[in-house]
Every structure is written in C-alpha cells, then in structure tokens.
Amino acid sequence: MKKELYTTVFCQAFSACGGYLAAGDGFGNIACYDVKKIVELSANEESLREFRRPELRFSTGEAPVYALVCDESHLIAGTSGLIQAYKWSDILKKNFKMAWNIPIESDRESLSQPEVNSLELHDNRLYVGSGNHDVQVIDLETRIKVASLRGHSDYIHVVRVRGDQCVSASEDGSVRFWDTRQNKEVSKVEPHTHSDLERGMGKWIGALDVTDDWMVCGGGPRLALWHLRSLTQAAVCDVPAVVHEARFHDGLVLAGGDVADLHQFTLTGERAGTIPTDCSAVFTVLARTQPTKLMTIGGCGKFIEVCTSNKYKDFSLSFL
Amino acid sequence: MKLFHLTCDTIRKLMSQIEELKRSPDKNRSRIAELRALAGLHVLALKKINRLEKARLKAARENTHAAKQRVDTFHLTLQNLLYEIVHVRREINRCLEFRSQDEDISLVSEEEFYRDAPEEISQPSSTREDEHRRHLARLDWELEQRRRLAADCRQLDTDKRRISQRIGQQRKRLSDLAPQLAAVLQSTQPLQEELSLPLDQRRQQHRLAALLPRPLYLLYVQTTAYAEACDSSISATICGSEEEAVTLKMADQRESGDESESDQEAEDEARRKKRHRKSARDEEAARLRKLLHKHPLLVVVEIVCKDLGRLVLEFVHLTQLGIVTVSVGIQDCAVTGALLSAESLLDYLEPGDAGSDSPSAATAHQLRRAGLSPLGQYITAGQLGKPYLWAQRLAGLEFIAGTQDPPAPAAESVAALHVEATMKQIRARLEARVALQGQLDAIGAGKLPLPDPVSAQLPAARESRLVSWLSISPETYRASGVLCAAELDDCCACFLAKLEHPAGLQLSCYVALSPQHPRVPPLVGLKLATKRGASSPRAASSSALRALECELNVSVPSRLVGGSRAAVLPAVLATAATALDVLQRTADGGGEPTHHRLTLRPHRGRDRVPPLRYDPALHMFTHGTG
C-alpha cells in the first residue's frame, strides 16, 4: 500500500484505433482504459465524481516505464534495457505475454542498463532516446538497429521526428537536429547559453515538441518557442518550475513540469490558461481532436486527469 | 224384636189406659190394679225380654269376638307371610347380587392361562366345558402365582436390607479413612520439598481451577498445557479468594436450580431496597460495582524472557459483562522508557486491538441501561485492566465484530489455536520494544547503532550528520504536509529527525513508529531545505525527494533480513544520511569532486532521479533496478 503512494505516471499513448488509452508508471505497471467509456463518463453528470479504474493492468517488470508508443497492432513500452512490445489483441484478452522485445545495450561500461526515455515511430522505424548518449534507430520489421545518431554528451530525454528530420533533447543541454536519411547531425541549439532562458535550474532539456515550423523546448532553462528554419528563439513561455513535458496541440503549447498545473500558451508565448491538476508534477500530456476532443494529463500521483475541452478538467481516472 | 215392640206397645197402651183411668181415679181403681198387674206382667215380660236381649247380645258379641279373633290370626299369618316373602325376596336379591371377591381379581386371559398354567391346575379336559371349574382353575392359578411372587418379594427385601447394611459399613470405613489420609499427606510435605515435586501445590491449583469461571478455566488449562509442552519459561497460577469463589459458585447453582423462587426473592429484594433511600452517587456506585463485578479468582501468567525481564499478566473475568481483562506488569527489566510502560506495552498486538474498549457489542448497551459511562472511561481510570482481543481469544471467547448477539460460550477450540501465537507475539513485542528503546536512546544521543550486516551495506564515511531528534505529535506530522502523511495512524509515536550536510542541505525526516514496530516499518516523510547563509546549490528536485521517500519506506525495510530487521529505524536514518550526501553532490550547480566519485550517473530517467542505492562491492551509488 505504501508503495502506491509514490506512483508517478510517466507516459501515455492512444492505441492506433483510438479506442484505448495506455499509461505507464514508475513501478513498471501499464494500465489501459477504454476511451469510449471515458467519453461517456464525461457526459454523464452523476459519475463525474467516480474515479474510474483501469480496464486492464499489468506489469512489465520492476523498472519504470518512461516511454510508450503504439503502432497498428502493438503497444510498445520502453523500460530499463528493453523495449517491450505487447499485441493489443493479446492485451485485450488479458494475455499479458510480451510479443517481442529489443534489448538496449549500454554504449559504455556502465553497471546498470540504460533506461528508455523516449520512443517515436516514424516510417516503420523506431527512434529510441535512452540512457545512452546516442539516439538509436531500429527497423521494426527486422527489429535490428539500423543507425545510431551520435553527438550528445549525456543521456537523451526526448526524441521527436517530423518529416525527414529528427530532433533530440538531452541532459547535456543541447537540442540536436538529425537528417534521417543520412543519419547525420545537421545542427544544434543550446538553450542554456541564452541568458534569458537560463535560470539556474540546470541546463538539461526535458521537454521537446516540433511542428512543421516551430519547435518548443525547455527543462532547466525556460520553455521557449523556436522557429525551425532559422533556429532562432521566437518567444518565451513562462512556466514557474522545470519543464518535463511540452506539446503542440490545437494551436496551443501545453506545458507541464514540477508544478501542479498544466500551463497553456499561444504560439506567441502568451499565457492562454492553466488547468489545475491533482498531481504534484506533470510528466505527460496527451491530446487529440479526432474522433473526440480529449486531453489526458499524468504525473506525480495516482490520477490521470481527463479534459474534454481545453479549458478545464472534467474528472480523474485512477491508475491503481 | 217384635215381641219387644209388642210388649212395649202394650205397656204403653196400658200406661195410657192407666193414665186415662187415673184421670178418673175413683172408678177405675180395680181396673187400675188390674192394669197395674198387667203392666207389671208386662214389665216382667219386658225384663225377660231385656234379659233375653242381653243374652242374645252377649252371644252375638262372643260370636263376633271369636270371629274377630280368627280374623286376627289370619291377619297375623298373612303379615308373617308377607314379611317372609319380603325377607326371602331380599335374600334372593342379595344372593343374586352377591359378587364374590373372585370376580374382582383380574385374571390372566384364558389363552394365557391355558398356556402358562401347569396341567394339574388347569385340567383343560374338565375346565374347557365347565365354566365354573374353569373359573376355579383360573383362581387357583392366580393364587399360585401370587404366592410365588410374594415369596420372591420377601426374598428381595431381605437382600436389600443386607446390601444397605453393607453399604453403611463401607461408608463408615471410608469416613474413618479420610483423616488418616490427610495425616499421610501432611507427612509427605517435607519429602515433596526435598524432591521438588510440588504435588500439593498442583492439587491446590486444580481445586481452585474447578472454581474458575469457564473462560478463565480455558485460559488456565491452555496456558499450562502450552507451558508444559513447549515453553517452560511460562507459568500460570490461580490467585484470589477461594471462599468468595465458592460462595459465588453455590449462588450460581442455587440460581440455576429454581428460578421461580429467585424471581420471588428478587421482587422482595427490590421492595426492600426501595425502602432504603440511598443517595444517587451511592446507587451509581452500587450499580457500577454490580455491573463491573470481577470474579474473585484470577489467573496470573508469568512469561520470563531471558535477559529482558519478566512479564506478569493478570487475567480477570468480569462476570456481568462476560469479558476478560488483562493487567500488565513488567519486572526485572533493565531498560526503562516511555515505550516500555506497562499500560501500553501490549497495545495493538494486532492492528486495531487497542484494548481501550470492550470487544463485546453488548457491553455498551448494558452500561447505558445502567446509566453508567462507557467502559473506556473506567479502563483509563485504572479500575479495570484492558480487554484485549487476544485475551478474549485465549479465554475461548469469540466476539464477532458488529453483531448484537450475546457472545458464544467459551470454546476450547478457539483457545487452543491461539496460545502459541499469542505468547510468541508477546515475547516478540517485549524484545522489539526493549531494542527500540535502546535505539531511541542512542539516537537521542546522536549515534546510529547499526548491526554489522546493515552497516556493511552502507558507505563507510558519511558526511551528513544527525543533528536533532525530537518527539512530536501526530498532528504536527500531519501538518507538515509530507507525502505520506495521509497514511499516518494516530496510534503511532512520531519523531522529527534533522540531518545536515556540511555543504548546506538540510533534510527533515518525519518518522512515525507504529506500535507494531518493527513488523510494520516506520513511516518516513521528507522535506528538504537549504541552510540559511550557506552558498549552496539549489535544493534537489521534488522527484528526487519522492524517490528517496519511496526508498526509505519501501525498499530499506524489505532489504533487511532476519536479525537486522529490528534495526530498521537506525538503518533508515543512516540510509537517509548517505542519500543526503548523494543529493548534495548531484544537486544542479554543484559538482562532484572527481577524485571521490560516488556515482556513475548523477541523473537517470525522465524524472532525473539521483542514484540512491549503495552498492558495497563497487563503493558507488547506483540506481537500483536495471
């Protein structure tokens, strides 16, 4: 019972069909929720107070699950030293056996296995940001590493891929851009060198998201919007503490960190609103507009907040 | 008759002639004389007639008399005959109605008679036809049977008398024997002492045991059985007033014997009581005494724990409330402290068993009906021992929480299961408390006493030190706002420990010790602060603190095995101190001096937790799993 006090939801992912939400926590558990029921709950006034329990819950091991991603038939989870994949059809039948896994080895003599901090699917390739100093690119059909993007000097926090560009943010404070066809570093940005971004909370970048023109990144340094083509800083979003997660959604920047609220900013850096949550820190935000508008927020605490609009929290789901 | 009349007529005529002649007296004197002579003749005739008449009358009278007599005799004979007839008739009736005694006797049925009677009596040949004979034969048979049975009866009577005589003799012999045996027992006393066989004492205990109420009896029996079989350092004795117990038992027996009389007595008593007007307080005290009445006998169980002292438990049965209470005493214990107070030593032996209220749901109702305050008040005032749930179980009383039914009568099966477990728990509790008190004393003096296996798990040199250790209240713990305050139980003892690193970070640990320490590990809440004035880096992130709290609450106790489990408190504090070192080194802005690396990776994962687990083989901190 005591252990569950310290549950932290680190990652979430929608299934490919959009019917299920999967969330992973710091003790290696994954919980799946039925999205249709969630949406029904929000419409029903009486059950707004209920804390919905997950439909399914299983354990991937002892290590925290820091990253989750879904392809058409699999739920892929990044744990310590392993990328585990489960078939959705198996999960829904309560058969929690791993379909396949890819081991991640450490790239230097280390005594513990590297954790997987970020997973991104693009073009049938899996981009892995892990405890190693490089971004690994793994082909999903063969499940063999095809490329390794080296350049960072510390471990990778976030990896994002857009078009033929891959962007990675790391503990060393740099955000590097890679060409996915040639697997070479194209350019890099170091927010902590900018005086208006550095604030003494460290140089690491933990939050990163890209659209076609814009990039938002932050962590120790302040959350800032960057113009991609010119790689210049466009605006600063003022989040009072370190930033763990940032997403572009519906014309807004959603940002969460070591504060209890989810902050929303416009693309010009102005504050658009805050949604208070029951978590003491926010680690993951997931949002979609199709087929229904839904936003889920997870972090330090056993609740996942669900919002059906951008303005306020509708209700909470329980992770336990 | 005619003659008479004729004569009379003649006389009359003459008379009348005379008369007529008399009228002329001179002329007719001769005639008168003739007439007179005639008249005289007629008178004579008259006399003669009269005489005849008389004679005739007499004769007639005699005739009638004789006839009458004859008639009388006939009459008499008639009467006699009538009487005789009546007599005879009566006789006949009497004869007819005569029921001889033999018809009153119920005889065996004819079939049985023919079956059972011997030949010479029944004589079936003659009796089958002749009813009279048959009857006679049956009567004979009956007579014979009765004679036989009378003889048997006499025989049995004599036997009975003989046997009762023998019984009387033997009784007398036995009663003579009793004082002799007592004398023999007396003389064996010194011998018993020589051989250290406490037979007398045991017999006395057995006698007292027969007077115990059933729950205490079960307790005594089970404890002595357990002591004999498994654990010789436990002993159970019965103490108390034997006479009172005997009177109580007799009163109980009388009560259960005739209840109608007792109702009457109760009414009388009530009436009598009403006449005495006592003050309200006296009445309340009387009601209290009656309801909280303790059985005069109590069972004293002594548990000797080696090197630690003796625990003396007194079990008392409250007869009206039907529960068993325990008074605890600690003797010969070298360690003293708040944790070893006799009142609270055995609280919460199991979760929820505070001993502060009666386990029986009926007690509250009984007390309320008598207008008294709830039981807890009397327990805290010291008038009663504590009614622990394990004590009820040892006494065979099983209370199901929440039901209104009266408790099931004491069951032996319930008591037998629990003796061993309870004794072990009590022993373990005493050991744990003594150890904990020692640890608290040492911690209060600033030292962290760690057993060797535990200190081998931690780095040899620690820079952080324990600077203060205070006792706080559970409210303060809750008010501190640490994450685990939600799990706090009010029965825990709370403390605040402050650890400080020379470079500036200060860690406040809110520690809650459960009464079941060390089975239930301490609940630790953390708060990090920077010492004022020191030029220190920014305090570590909240994720790191969460991870450390999780480590201290969950991982450290689970990694302690076997004997070192008792040292969980100093282990937790020592781990916290070493973790504070790590936090200091890995805090952003600070650097780790490369010549003395304690960590390989200062941060890991999306929440950037520092490595909090020390690997003694590598002399480094690692991130634990993976």
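Chain A is the first sequence line, chain B the second, and so forth, proteins listed ahead of strands; every chain is numbered from 1.
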Can you see which heavy atom on [X] is nearest to which on [Y], and at what distance?
| X | Y | answer |
| --- | --- | --- |
| A:Ser280 | B:Arg546 | OG-NH1, 4.1 Å |
| A:Asp258 | B:Ser543 | OD1-OG, 4.3 Å |
| B:Gly605 | A:Tyr155 | O-OH, 2.9 Å |
| B:Arg604 | A:Pro114 | NH2-C, 4.0 Å |
| A:Tyr6 | B:Val524 | OH-O, 4.2 Å |

Does A:Phe10 offer a backbone N or O that forms a donor-acceptor pair with the side chain of B:Arg606 under 3.5 Å?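 At least one qualifying donor-acceptor pair exists.
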
Is the closest side-chain heavy-atom distance between B:Ser558 and A:Lys3 below 4.5 Å?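 With C-beta onward as the side chain, the pair stays apart.
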
